[in-house]
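Letters A, B, ... are given to chains in the order of the sequence lines, protein chains preceding strands, and every chain is numbered from 1. Since this is a predicted model, take the numbers as computed values, not measurements.
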Number of protein chains: 2
Amino acid sequence: MSVLATPVPAREYDSCPVTRAVHRLGEKWTLLVIMLLGKRPHRYNELHRGIEGISQRILTRTVRLLEADGLVSRTVHPTVPPQVEYRLTPAGESLLVPLNALAGWAVEHY
Amino acid sequence: MSVLATPVPAREYDSCPVTRAVHRLGEKWTLLVIMLLGKRPHRYNELHRGIEGISQRILTRTVRLLEADGLVSRTVHPTVPPQVEYRLTPAGESLLVPLNALAGWAVEHY
DNA sequence: CAGCATCCAGAGCGATACTG
DNA sequence: CAGTATCGCTCTGGATGCTG
């Protein structure tokens, strides 16, 4: 993305880390999940109750994709009933910095 | 978004400037259009040729939405044939700063 | 040149019911 | 509690042809 050959090949664009990041952040609930986990770790139903309107299916998909991206860790405590804790990884924490910069910009300009 | 009442009401989330910004940036071609216009102003077909795989319909929609958001200006020169120049507004230029910060993060972590 | 009109496929998102 | 399994739909994104 730093060079931007013209025309920009579709595959190069799709595989660009920046593209992939904004596309992930642009998914409907991703930002909110990250912000909640940025405050503190949450259990599954804490997230579910904390986000009005999200379905279980979509919440699960959202956190699992973030986990696959390395931004969120998922810890299962083998208790009865089961307990699953989601928290930001160091990479996830580090996202909060540029994200807050973007948030500041958005509040100014959006 | 700074306070995050729990549960976060769906409407409040949707109307949040940060949410709206990342959702717009997350649209398929938005980032690329902004990066191209960040280099220099472009005419319509320059953008079209500069982005492999985008359709006219989607390119038009993308730049018009950015225009509606105040990030891009659209100038029609009443010549024959017509000439339309797209460029970043000051607000659009100012987006490049936090966007580059996010880009740096993405290259590190995505 | 810079679009618009029309039609269409598929991804993404969601509601609901069920379970280890 | 923390999910999975189905099913359904909206809505974004795209292909194609036409125009001031």
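Considering B:L59, B:L47, B:I58 as possible partners of B:W29, the one that fulfils the side-chain contact (heavy atoms from CB on, under 4.5 Å) test is B:I58.
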Indicate every side-chain donor-acceptor pair of residues 74-83 of chain A with a distance under 3.5 Å to a residue at least two apart or in another chain.
from	atom 1	to	atom 2	distance (Å)
A:R74	NE	A:Y86	OH	3.2
A:T79	OG1	A:H77	O	3.4
A:T79	OG1	A:P81	O	2.7

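The hydrophobic clustering, which links ILVMFWY residues whose side-chain heavy atoms are closer than 4.5 Å, places A:L96 and B:V18 together. Using a 4.5 Å cut-off between side-chain heavy atoms of Ile, Leu, Val, Met, Phe, Trp and Tyr, with links allowed through other members, B:L88 and B:V84 fall into the same hydrophobic cluster.
B:Y110 places no side-chain N or O within donor-acceptor distance of the main-chain N or O of A:T19, the cut-off being under 3.5 Å. Using modelled atom types, one side-chain atom of B:H42 and one backbone atom of B:R40 make a donor-acceptor pair closer than 3.5 Å.
Contact between B:P98 and A:W105 at its shortest, heavy atoms only, is CG-CB, 3.7 Å. Of all heavy-atom pairs between B:G70 and B:A91, the closest is O-CB, 3.7 Å.
Contacts between chain B and DNA chain D, taken as any atom within less than 4.0 angstrom of a protein heavy atom, begin and end at D:dG13 to D:dG20.
For the pair B:E27 CD and C:dA11 P, the computed distance is 18 Å after rounding to whole Å. Taking atom NZ of A:K28 as the reference point, atom C1' of C:dA15 lies 13 Å away to the nearest angstrom.
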Every protein N/O lying under 3.5 Å from an N/O of nucleotides 1-5 of chain C:
from	atom 1	to	atom 2	distance (Å)
C:dC1	O3'	B:R43	NH2	3.1
C:dC1	O3'	B:P82	O	3.3
C:dA2	OP1	B:R43	NE	2.9
C:dA2	OP1	B:R43	NH2	3.3
C:dA2	OP1	B:V84	N	3.3
C:dA2	OP2	B:N45	N	3.0
C:dG3	OP1	B:R64	NH2	2.7
C:dG3	OP1	B:R74	NE	3.4
C:dG3	OP1	B:R74	NH2	2.6
C:dG3	OP2	B:Y86	OH	2.5
C:dG3	N7	B:Q56	OE1	3.0
C:dG3	N7	B:Q56	NE2	3.1
C:dG3	O6	B:Q56	OE1	2.8
C:dC4	OP1	B:R64	NH1	3.4
C:dC4	N4	B:Q56	OE1	3.3

